[in-house]
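Notes for the one structure printed next.
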Amino acid sequence: MALRGLDHVNINCADLERSRAFYVETLGMTDGQRPAFGVPGAWLYLGGRPVVHLVAGMASDSQDTGRFDHFAFEAEDFEATRSRLEAKGIAFHELVVPASDIRQIFFRDPDGVKIELNFRG
């Protein structure tokens with residue numbers, strides 16, 4: 001087996017429309033085509049690929065995802081992103097990766113999933 005990259009993340013959200021609006025309006029994703037799985041959901045696209053899958057009304061064995069902590073996106077325009085999060089009242093914190101040109105912003109989506117944005121340069 002040879003892994004080629006991360007395909008997508010799947011989030012079992014409490015409120016589909018709230019989560020869809022968050023990822024589209026806050027992070028700039030595009031709501032796109034999704035197969036008819038029989039449960040409500042949305043596929044959110046970046047660069048023509050559905051990278052965040054939202055699903056609602058799906059039974060879950062547990063709210064626990066083990067030791068999973070967050071998922072990350074490469075991003076651009078640090079200042080504009082920071083301003084957008086502040087304007088929407090979204091709490092976040094910033095870090096600088098030591099010995100690099102990478103700045104990071106961490107925050108949570110409406111369901112509490114931690115998201116990291118990486119800005120280079």
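Keep in mind it's a predicted model, so treat the numbers as computed, not measured.
In this structure the side chain of F37 never reaches within 4.5 angstrom of the side chain of H53, judged on heavy atoms. Contact annotation: the side chain of Q104 never approaches that of V96 to less than 4.5 Å [non-hydrogen atoms, C-beta and beyond]. The side-chain heavy atoms of L44 and T30, taken from C-beta on, include no pair separated by under 4.5 Å. Contact annotation: the side chain of I115 never approaches that of H70 to less than 4.5 Å [non-hydrogen atoms, C-beta and beyond]. Side-chain contact check for F71 versus K114: every heavy-atom pair is 4.5 Å or farther apart. At least one side-chain heavy atom of L27 sits under 4.5 Å from a side-chain heavy atom of F107. Between R108 and V113, the closest side-chain pair of non-hydrogen atoms is not below 4.5 Å. Two residues are said to be in side-chain contact when any heavy atoms from C-beta on lie closer than 4.5 Å; E94 and R82 meet this criterion.
Residues satisfying the side-chain hydrogen bond (donor to acceptor under 3.5 Å, both in side chains) test with E74, not counting sequence neighbours, are none. Residues satisfying the side-chain hydrogen bond (donor to acceptor under 3.5 Å, both in side chains) criterion with D109, sequence neighbours excluded, are Y23.
Taking the six-membered ring where the residue is Trp, Y45 and W43 present tilted rings, their angle falling between 30° and 60°.
No chain of hydrophobic side-chain contacts below 4.5 Å, direct or via other Ile, Leu, Val, Met, Phe, Trp or Tyr residues, connects L6 to I102. Linking ILVMFWY side-chain heavy atoms closer than 4.5 Å, directly or via other members, places F73 and L54 in a single hydrophobic cluster. Cluster membership check: F106 does not share its hydrophobic cluster with L117, using side-chain heavy-atom separations under 4.5 Å among Ile, Leu, Val, Met, Phe, Trp and Tyr.
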>> With side-chain contact (heavy atoms from CB on, under 4.5 Å) as the criterion, how do V51 and V9 come out once you've worked through the C-alpha distance, each side chain's angles and the decisive distance to 0.1 Å?
In response: CA-CA 6 Å; V51 297; V9 296; over 6 Å; no
>> Set out, in order, the CA-CA distance, both residues' side-chain angles and the distance that settles salt bridge (Lys or Arg N to Asp or Glu O under 4.0 Å) for E76 and R120, then state yes or no.
In response: CA-CA 8 Å; E76 55 188 25; R120 299 183 193 285; over 6 Å; no
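Considering L16, I11, N12 as possible partners of V55, the one that fulfils the side chain to side chain contact (heavy atoms under 4.5 Å, CB included) test is N12.
Residue-environment remark: CD (E79) exceeds the threshold of 12 foreign heavy atoms within 6.0 Å.
Using a 4.0 Å cut-off between charged nitrogen and carboxylate oxygen, E25 and R84 do not count as a salt-bridge pair.
Nearest heavy atom pair, residue N118 against residue A72, reads ND2-CB, 3.9 Å. Here the closest non-hydrogen pair linking H8 and P50 is CB-O, 3.6 Å. The two atoms that bring A14 and D111 nearest to each other are N-OD1, 2.9 Å, heavy atoms only.
Expressed to the nearest 0.5 Å, how far OG1 of T26 lies from CD1 of I90 amounts to 4.0 Å.
For F119 and F78, the distance between ring centers is under 6.0 angstrom.
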